[in-house]
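Here is the structure we will look at, set down as structure tokens.
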Amino acid sequence: MTEAPRTMNMIQAINSAIDVAMGRDDRIVVLGEDVGYFGGVFKATEGLQKRYGKTRVFDTPISECGIIGVAVGMATYGLRPVPEIQFADYIYPALDQLVSEAARLRYRSAGEYTAPITVRTPFGGGIFGGQTHSQSPEGIFTHVAGLKTVIPSNPYDAKGLLIAAIEDNDPVIFFEPKRIYNGPFDGHYDRPVQPWSKFAESAVPEGYYTVQLGKARVVREGNDVTVLAYGTMVHVAHSVIEETGIDAELIDLRTLVPLDIETVVESVRKTGRCMVVHEATKTSGFGAELSALVQEHCFHWLEAPVQRVTGWDTPYPHSLEWAYFPGPVRLTEAFKRVMQD
Amino acid sequence: MTGRNLPPLSLHVPEPAFRPGDTVDFADFDMPVAGAVRRPPVDAGPAELRDMPYAMVRVLDDEGRAQGPWDPRLAPETLLKILRSMALTRAFDERLYRAQRQGKTSFYMKCTGEEATSVGAAHALDYDDMCFPSYRQQGLLIARDWPIVDMINQIYSNRADRLKGRQMPIMYSVRQASFFSISGNLTTQYPQAVGWAMASAARGDTRIAAAWCGEGSTAEGDFHSALTFAAVYRAPVILNVINNQWAISSFSGFAGAEATTFAARAIGYGIAGLRVDGNDALAVYAATQWAADRARNNHGPTLIEHFTYRAEGHSTSDDPTKYRSAEEGGKWPLGDPIARLKKHVVGLGIWDEERQAAMDLEVAELVKAAQKEAEKNGILQDGLKQSFDSMFEDVFEEMPWHLKEQSVQMHDERKAAGI
């Protein structure tokens, strides 16, 4: 089915993923605020209602609890809902339906009922969204048994991972790094944004393909330090690595649960140093889990403490966005710390 | 605070009419006359139904006679089947309550006094209509003839428990009987039922969904999300509120009962709402049938408030004598649902006291035999019955590395400890 690739940005790749999946399986339905007629505030679902009709792609009331609760019920019926939460900051009203219901339904019913839903939600800052349009709540979901957490960093992966998530029989939270919807972001907010069309990852096949969940991608090989990142931070880290000339190995985790521990461990044992980068607040963030795992699996290979580069433990401030964002300055300092021992 | 010539504000905190030791007097209870409420056509629009949530649909009068337009005119065998399902539900509750007191299980919840609200409804639904129950709807499974032994296995978390000992007692899940897995998080099943019904409608199916929650949990956000979605998409769903007056120790006033009825919540959402005598099996049946007809013919959802009384404690962990008058249950103006239906069928000449006594004995023996059968598979106090590996199963469809690792670790720990 795979056809010649065409250049897509991440929004187009996500749209294409849903389109391809819906065309293959009529059980797939899309629901969320503004996703139908309007095609989503970010245009991720544009054209889908026209193609698949109002009973498969439809707008919902502004009720995240309702959106996810209804999706769980639809999944129980036998459909495969792909609900959208317009911004990850608004996922909290749906938390109980995700954490207590979707995540545990298979377990509590010993497999009688399952909730194969894929919750799409844009997350992360860097778009002047203030503290209500910028958060990175992925750590909350990685803490919950029964949920899978997926975060793409480029158009090709976004499409392949999303199709894999929709086909997965477990509930998946699919976080979309909205800062890089239209092009990669190197952390230098004062530079013009480069469109995805200039990068190889924008070559996206029109048809069906998947990127396996639970497999990380080695973005760049290196020998001195392993950098673990996902989403927007893959690009920021990549840019800083190039600028500083450090021989770092950069790993794009792609899925946090299930995590590709083998790739992480293999790399850290080779480099002897590790740095974790994410945009979410530091305390109890996923970086803490990664640091602990690296300690558990690679302690005897480590030559320096694992460094965490994260957002601060504050809400995301509108006017001080770039002081909050873990950009080149914070990464460069962390590289110095991790390399000095 | 000072310098403003205004009366001080005061906070209203609801208080139930009777507390322990109080003499109970229901003289002020507005007892609606059986048969007096109109039965609107099933295609009536919500605007034509606005009086219904403030009335109360009742069929059986004090003499046990069926009255008025809501009389479902059921065949004798159906009436007797409903009566037997309710008697079996009560016998089941009696026996399993005792089993908890004997230490055979950790927990139990009776539905005494509320049997009609699930049994009556179950009989008015099709077997493949999907039920999203709360934790006091064991009557649904019993009315659907689900094996009692299977229910007791679940309560005992024994080796035959299909749920692998993961759920608290009474948190059944029976896909075969279209009975959804029960959640302890209140009213989460409400939007799920609406979603199921929306899916059924979107697929051009003919099945409908029904959900149950208590009046206390109508205060949860999920309740209101569900009603919004049900109204917006005209979902073919029946949303039942069991108003049994008490949410553990909080009386219905804390869920808003002083200001309005629970059925009247429907009006604000533009959906049909009915208030029903929940201790009248025929009224419950008729209301459910009416709502099911509406749903099946694409006239949308119905919210039904079943006005009833929780005759026993909230659960085996509760002592209702600490917060409500001991007289309350006995003086409940709407009586006992089983006694009322029995009076009705006796009055029809299709039943008598002797047959009732024989049936009571028969269902008690049936539960006793089922309990013995279930106990062959173990009781809770026998210790762990599930395989240790089962702990890590069903978290995901396929077990990821970290769960495999933890499973191995658990086995190693136990081995090292000599267990």
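We name chains A, B, ... by the order of the sequence lines, and we start the count at 1 in each one. The analysis underlying the following values was restricted to heavy atoms, covering all of them including side chains, and did not include hydrogens, waters or symmetry mates.
The backbone N or O of A:Glu112 sits less than 3.5 Å from a side-chain atom of B:Arg175, completing a donor-acceptor pair. Panel note: side chain A:Asp170, backbone B:Glu397; a donor-acceptor pair is recorded below 3.5 Å. Remark: side-chain polar atoms of B:Trp196 are not paired, donor with acceptor, to backbone N or O of A:Ala75 under 3.5 angstrom. Formation of a donor-acceptor pair under 3.5 Å by the A:Arg108 side chain with backbone atoms of B:Gln167 is not found in this model.
Looking at B:Phe179, only its backbone comes within 4.5 Å of chain A, counting heavy atoms on both sides. Heavy atoms of B:Met391 lying under 4.5 Å from chain A belong to its backbone as well as its side chain. With a 4.5 angstrom heavy-atom cutoff, B:Ile182 touches chain A only via backbone atoms. Both the backbone and the side chain of B:Val395 come within contact range of chain A, each with at least one heavy atom under 4.5 Å from a heavy atom of that chain. Contact annotation for B:Glu405: only side-chain heavy atoms (C-beta onward) come within less than 4.5 Å of a heavy atom of chain A.
Residue A:Glu167 places its CD atom among more than 12 non-hydrogen atoms of other residues, nucleotides or ligands, all under 6.0 Å distant.
Between chain B and the residues A:Arg56, A:Lys54, A:Lys148, A:Arg104, the most heavy-atom pairs under 4.5 angstrom are made by A:Lys148. For chain B, the option among A:Pro61, A:Gly214, A:Gly78 with the highest count of heavy-atom pairs below 4.5 Å is A:Pro61. Chain B forms more heavy-atom pairs under 4.5 Å with one residue of A:Leu79, A:Ile68, A:Val29, A:Val257 than with any other, namely A:Leu79. The most heavy-atom pairs under 4.5 Å with chain A, out of B:Pro400, B:Ser200, B:Ser390, come from B:Ser200.
Nearest heavy-atom pair across A:Leu105 and B:Phe180 is CD1-CZ, 3.6 Å. Shown here for A:Leu259 and B:Trp401, the closest heavy-atom pair between the two residues is O-NE1, 2.7 Å. The heavy-atom pair separating B:Tyr233 from A:Thr60 by the smallest distance is OH-CA, 3.1 Å.
Counting heavy atoms from C-beta outward, B:Asp222 and A:Gln97 have side chains that approach closer than 4.5 Å. With a 4.5 Å cut-off on side-chain heavy atoms, B:Met198 and A:Phe58 count as touching. Side chains of B:Phe396 and A:Asn169 form no contact here, defined as non-hydrogen atoms less than 4.5 Å apart. Between A:Tyr107 and B:Glu393, the closest side-chain pair of non-hydrogen atoms is not below 4.5 Å. Counting heavy atoms from C-beta outward, B:Tyr172 and A:Ser109 have side chains that stay 4.5 Å or more apart.
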CA sep, side-chain torsions, deciding dist, call: A:Tyr77, B:Met130, side chain to side chain contact (heavy atoms under 4.5 Å, CB included):
CA-CA 9 Å; A:Tyr77 177 88; B:Met130 186 68 192; over 6 Å; no

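Donor-acceptor pairing under 3.5 Å is recorded for the side chains of A:Ser63 and B:Ser225. With no hydrogens or angles considered, a side-chain donor-acceptor pair links B:Ser183 and A:Glu101 at under 3.5 Å.
Taking 4.0 Å as the cut-off between side-chain N and carboxylate O, B:Arg203 and A:Asp26 count as a salt-bridged pair.
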Show me, pair by pair, the donor-acceptor contacts under 3.5 angstrom made by side chains of residues 286-298 of chain A, not counting sequence neighbours?
unit_1: A:Ser291; atom_1: OG; unit_2: A:Gly287; atom_2: O; d: 2.7
unit_1: A:His297; atom_1: ND1; unit_2: A:Leu293; atom_2: O; d: 3.0

